[in-house]
Amino acid sequence: MFMRMTFTVAVAGASGYAGGEMLRLLATHPQARVGALTAASSAGTVLGQHHRHIRSLCDRVLVPTDVEALAGHDVVVLALPHGASGAVAAELEQAGCDPVVLDLGADHRLVDAGDWRAYYGSEHAGTWTYGMPELFRAAGATQRERLAATHRIAVPGCNVTAVTFGLQPGVAAQIIDTSDLVAVLAVGYSGAGKALKPHLQAAEALGSAAPYAVAGTHRHIPEIVQNLRAAGADEVAVSFTPVLVPMSRGILATATAPVGAGVTTEQVREVWRAAYADEPFVDVLPDDVWPTTAMVAGANTALVQVAVDAKAGRVVTITAIDNLVKGTAGAAVQSMNLALGLPESTGLVVEGVAP
């Protein structure tokens with residue numbers, strides 16, 4: 001672990017939603033200095049053509065993504081499509097570069113190479129330290145300790161973050177049955193990326209809710225299972241259904257699990273509150289206050305509520321996050337701060353922008 005007064009950051013994939021959100025946070029980080037911005041098909045354009053809202057960087061020219069552009073920075077952010085980060089990271093290592101590297105894609109999240117091949121259909125690039133400081137660990141070093149000792153960070157999937165925060169207190173307390181989990185998520189369209197696909201166009205999206213990756217096919221499933229096992233679960237089975245809804249950003253995740261007979265809402269709320277009592281970016285809301293995506297828009301905050309459906313015998317958790325902040329770039333900045341020896345909350349806000 002080391003601490004710098006200032007540090008430089010290069011962002012590969014700067015024209016996309018994840019890269020743009022990372023730049024929005026870095027632009028106001030008191031110690032970060034934004035260096036090279038790279039892209040693929042958008043190389044040669046200025047950032048303002050893609051992210052006019054990032055006014056301080058609008059005139060920056062995007063250059064091709066290669067080792068020459070990324071070398072010499074203290075931090076390199078890879079906001080690239082799944083399957084692309086591994087090759088760039090390997091080229092950096094071959095060139096003798098050793099910055100803190102943050103992979104906003106999926107390439108380095110999974111521990112099991114078989115899970116990667118099954119869900120992504122290519123060879124696994126290797127496993128990096130998982131960029132979720134709040135991840136519960138049943139054994140070994142805490143996730144914060146692991147992040148403080150690494151230069152390679154795999155930023156979690158946004159849906160995974162919401163489901164993990166909802167369920168992991170119950171796993172750690174051993175009060176839920178993880179063999180019968182159900183998660184249904186309302187997801188904003190920025191979670192699908194910027195690619196021009198017919199089902200992502202306004203004519204298809206407005207006024208419509210559309211499920212996708214149904215019946216166990218979503219790539220975030222093995223990552224959810226991995227996290228809950230880290231928190232202490234043995235057998236994990238989750239039915240996971242994301243639904244695109246007509247909003248630009250945000251995730252509202254409803255995750256449920258069987259709970260023991262006689263367990264009350266008051267008891268589970270006390271478990272969840274105790275679990276997150278010291279977390280700066282995760283809040284369990286007051287009784288009978290339920291999260292909404294508007295509460296967390298623009299903030300690096302996860303808001304959680306939990307109750308017991310006694311008739312169904314299930315714990316019901318609802319978690320709201322901004323998929324681009326707490327679900328991606330905010331988690332990356334938290335993890336980056338820890339790796340650089342900075343206070344974890346540096347450059348991050350918890351206030352949303354509702355309404």
Side-chain angles (χ1 to χ4, degrees), residues 1-29 31-52 54-109 120 122-129 131 147 150-155 193-195 328-329 331-333 335-337 339-342 347:
M1 182 177 73
F2 61 96
M3 182 179 294
R4 291 179 180 271
M5 294 300 293
T6 62
F7 56 92
T8 58
V9 187
V11 177
S15 61
Y17 287 137
E21 194 69 4
M22 193 72 192
L23 288 171
R24 184 178 74 86
L25 299 183
L26 290 171
T28 57
H29 191 292
Q31 288 161 269
R33 302 294 179 264
V34 177
L37 307 182
T38 82
S41 59
S42 298
T45 64
V46 295
L47 187 71
Q49 290 181 232
H50 311 280
H51 301 299
R52 177 53 59 179
I54 309 174
R55 295 180 61 191
S56 61
L57 300 172
C58 275
D59 294 334
R60 292 286 194 91
V61 176
L62 306 183
V63 300
T65 300
D66 56 35
V67 171
E68 183 178 355
L70 301 176
H73 294 83
D74 301 307
V75 178
V76 172
V77 178
L78 302 177
L80 302 173
H82 301 322
S85 297
V88 176
E91 290 175 8
L92 283 169
E93 290 190 10
Q94 291 168 6
C97 302
D98 190 31
V100 172
V101 184
L102 304 164
D103 184 4
L104 274 55
D107 291 30
H108 300 96
R109 295 172 186 163
Y120 291 89
S122 62
E123 288 305 307
H124 189 219
T127 304
W128 289 0
T129 307
L147 286 164
T150 189
H151 277 194
R152 298 291 184 268
I153 297 168
V155 179
K194 266 191 169 183
T328 307
V333 171
S335 300
M336 176 191 74
N337 287 338
L340 294 176
L342 301 173

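Under the 3.5 Å distance criterion, the side-chain polar atoms of H73 are left unmatched by any main-chain donor or acceptor of V34. Remark: side-chain polar atoms of R60 are paired, donor with acceptor, to backbone N or O of G35 under 3.5 angstrom.
Residues F7 and V75 have side chains in contact (heavy-atom distance under 4.5 Å, counting atoms from C-beta outward). A 4.5 Å side-chain heavy-atom check between R33 and D74 finds every atom pair outside the cut-off. Side-chain contact between L26 and L57 is absent, with no heavy atoms from C-beta onward closer than 4.5 Å. Counting heavy atoms from C-beta outward, E21 and T328 have side chains that stay 4.5 Å or more apart.
Closest heavy-atom contact between A43 and V63: CB-C, 3.9 Å. Across all their heavy atoms, A14 and L37 have their closest contact at CB-CB, 4.0 Å. Here the shortest heavy-atom pairing between M5 and Q31 reads O-CG, 2.8 Å. Summarising the geometry of V155 relative to R109, their closest heavy-atom pair is O-NE, 2.6 Å, with the distance given to 0.1 Å. Here the closest heavy-atom approach between residue S15 and residue L62 is recorded as CB-CD1, 4.0 Å. Heavy atoms only, all atoms of each residue included: S335 and L147 are closest at OG-CD1, 3.8 Å.
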Anything under 3.5 Å between a donor and an acceptor, one on a side chain of residues 78-107, the other on a protein residue two or more places apart or in another chain? List them.
from, atom 1, to, atom 2, distance (Å)
H82, ND1, A106, N, 3.1
S85, OG, D103, OD1, 2.8
D98, OD2, H151, ND1, 3.4
D103, OD1, G105, N, 2.9
D103, OD2, H108, ND1, 2.8
D107, OD1, G83, N, 2.7
D107, OD2, G83, N, 3.3
D107, OD2, A84, N, 3.4
D107, OD2, S85, N, 3.1
D107, OD2, G86, N, 3.0

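Considering NE2 of H50 and OH of Y17, their distance stands at 12.5 Å, rounded to 0.5 Å.
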